[in-house]
Asks: 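Starting off with a structure, shown below.
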Amino acid sequence: MKYSSLVEVYEKIESTSKRLEKTYHISNLLKKTPDEDLQTIILLIRGRLYPDWDKRKIGVASKLVLKAINASSGAGINKIEQLWREIGDLGLVADRVIKTKSQSTLFSAKLTVAKVFSNLRRLNDMEGAGSVDRKVQLISELLSSADEKEAKYIVRTVLEDLRVGIGDGTLRDAIVWAYLPIDVKYNPENVSIDVDREKYNEIVNIVQSAYDKSNDFSTVAIAARKGVSELKKVGLIPGKPVKVMLAQKVLSVDGGFEKVGVPAELEYKYDGFRMQIHKSEGKITIFTRRLEEVTKQFPEVVKCINEHVKGESFIIDCEAVGYDSKTGKYLVFQHVSQRIKRKHNIQELAAKLPVELNIFDILYYNGEVLLDVPFEERRKLLEKIVSEKQSEIILAKKLVTSDKKVALKFYEESVEKGNEGIMLKSLKSVYKPGSRVGFMVKLKSQMDTLDLVIVGAEWGEGKRSGWLTSFSLACIDEDGNYLETGKVGTGVKEKEEEGLSFGELTKMLEPHIKQESGRAVVIKPEIVLEIKFEEIQKSPTYSSGYALRFPRVIQVREDRAPEECSTIEMVKEAFNNQKKT
Ligand code: ATP
């Protein structure tokens, strides 16, 4: 398939903010995509080279791309840099200089989707001496055969910043429109669809469920093309991470009972980080909540699971809580988060900051998928296969009750022990990967916080010069657009030893700088901060329509991918909740 067919669709979807219109264009592209290109198209349409569960990144810096644009256009580094400063988007810079070039040169072979994909994939495999030059070569080879529009999207894909705005929901629906047995009539005039809603929702749910289990839209699209029965076969595979089920929030025990029904299982809400632990063919693999593999970082967990959980193969869900090896006291997430990033001296850190596993769910056991098994039975199975050992592996402390007073006492007991609050879970519910359905809810003691992504900053002045300061924060909407909610500096320290510092944050953010003008810096959404605030106000200043008053940084959320930050709905909900209290 020609790369230009994909580029045509990028252009169309970039020029509209209407989700149905985007869905329509993508579904048309999918219909005409030959089988052999389907996997690639599904990835490239969202500017990706790997499925969601595979966390490899292209990791090419803007400066290298600049060299490649220069090598293929001969426009001169100074001119390209100047244009970059003016326009801000290297993709548009490539568009501009290649347009100028193409007026004078007649070029060359048409690019195919497969060729673009293969060159981009090779970028990731290169390391060591000479790799920069070879990377420049791979990119400039593509740019030399590209027209200006193609160049724009090649550059944006390399920089992992496609800017066309396709959310998971849009791609899912496009797969439904393209391949599944339902008649969707799209009316371009008023951008609406005519469809049998009930049947449509049923099919959308089947596609969504296949995606939640596989975390891979390519697998889903290939199965969907073969039909609904193939789609239903897409399942969990131990060893491949699955999206975790998320909780809704409640403000009271009553609210919790109302959501999950009575009697309900109450559990301590431990303050650590989520671990999804797989065993398959004798091998243990551990994933974080953002589905990054961290097996190497937690050798003692591998050993503990081998010794304390019976079974040939399984996927279990738990919270790993750090504690101080000297005092035995639980530590807040901030401390243990060091273990997620640690690449060296792992044993040493494991001895200093051990974790206790609090097991609370199981999704797969000895060849059987348990997603549709009621929660109370999944818990019973856990009780059979886990042999508990204090401070290493325990089942989440539970209580089954319908009584509000008993529940409140349990909540107080949990908070007294240093936990965040309690979870309330419906006994009969299934496990829904990836969803914030109301099968489990959380009741927390602490004031609300939001997890927001840094999308901009300012270079500091005076004693803060050399550091990024005043961080612009954003939440996300359902199409994957980041919407600003204000700026924060408070809570970040000048001295490293006092906690999260400007120096440390600057180091984390620098590789993600997209654009600079004067002191202002635009940053690619990568780093998520947990933010406390006094109040939320409506505000025309920021694109979310809301502003946080007196925000304060609590910590970096290493376990959160940028697309998992707080949604605009959560910001609205926090705004509405504060009005009630
Ligand atoms: P938070 O920031 O409140 O932990 P979150 O967005 O990370 O929330 P939610 O799904 O909203 O995740 O809240 C549930 C989280 O609480 C789980 O992701 C898990 O990490 C943690 N947790 C602690 N104890 C339990 C438990 N007993 N059952 C389920 N989740 C638990």
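Order of listing sets the numbers, starting from 1, for every ligand and every atom in it.
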Asks: Kindly determine whether Val244 and Tyr431 satisfy side-chain contact (heavy atoms from CB on, under 4.5 Å), including the steps that lead there.
Replies: CA-CA 9 Å; Val244 296; Tyr431 189 104; 3.9 Å; yes
Asks: Is the shortest distance from a Lys or Arg side-chain nitrogen in Arg436 or Glu569 to a carboxylate oxygen in the other one below 4.0 Å?
Replies: no
Asks: So does Lys405 pair up with Asp403, basic N to acidic O under 4.0 Å?
Replies: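 Looking at Asp403 together with Lys405, the answer is no, because their closest N to O distance does not fall below 4.0 Å.
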Asks: For residues Phe375 and Phe439, establish whether the separation of their ring centroids is below 6.0 Å.
Replies: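 Ring-ring flag for Phe375/Phe439: false, centres at least 6.0 Å apart.
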Asks: For Ser539 and Gln537, does a side-chain donor sit closer than 3.5 Å to a side-chain acceptor?
Replies: no
Asks: Measure and list all N/O to N/O distances between ligand 1 and the protein that fall under 3.5 angstrom.
Replies:
| residue | atom | partner | partner atom | Å |
| --- | --- | --- | --- | --- |
| ligand 1 | 2 (O) | Arg557 | NH1 | 3.1 |
| ligand 1 | 3 (O) | Lys269 | NZ | 3.2 |
| ligand 1 | 3 (O) | Lys442 | NZ | 3.1 |
| ligand 1 | 3 (O) | Lys444 | NZ | 2.6 |
| ligand 1 | 4 (O) | Lys269 | NZ | 2.9 |
| ligand 1 | 6 (O) | Arg289 | NH1 | 3.3 |
| ligand 1 | 6 (O) | Arg560 | NH2 | 2.4 |
| ligand 1 | 7 (O) | Arg289 | NH1 | 2.8 |
| ligand 1 | 7 (O) | Arg557 | NH2 | 3.4 |
| ligand 1 | 7 (O) | Arg560 | NH2 | 2.9 |
| ligand 1 | 8 (O) | Lys442 | NZ | 3.0 |
| ligand 1 | 10 (O) | Ala247 | N | 2.8 |
| ligand 1 | 11 (O) | Arg436 | NH1 | 2.9 |
| ligand 1 | 11 (O) | Lys442 | NZ | 2.5 |
| ligand 1 | 12 (O) | Arg289 | NH1 | 3.2 |
| ligand 1 | 16 (O) | Lys269 | NZ | 3.0 |
| ligand 1 | 18 (O) | Arg274 | NH1 | 2.9 |
| ligand 1 | 20 (O) | Glu319 | OE1 | 2.4 |
| ligand 1 | 24 (N) | Tyr270 | N | 3.0 |
| ligand 1 | 27 (N) | Glu267 | OE1 | 2.9 |
| ligand 1 | 27 (N) | Tyr268 | O | 3.0 |
| ligand 1 | 28 (N) | Lys425 | NZ | 2.8 |

Asks: Under 4.0 Å between a side-chain nitrogen and a carboxylate oxygen: does that hold for Arg290 and Glu564?
Replies: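 Judged by the 4.0 Å cut-off on N to carboxylate O distance, Arg290 and Glu564 do not form a salt bridge.
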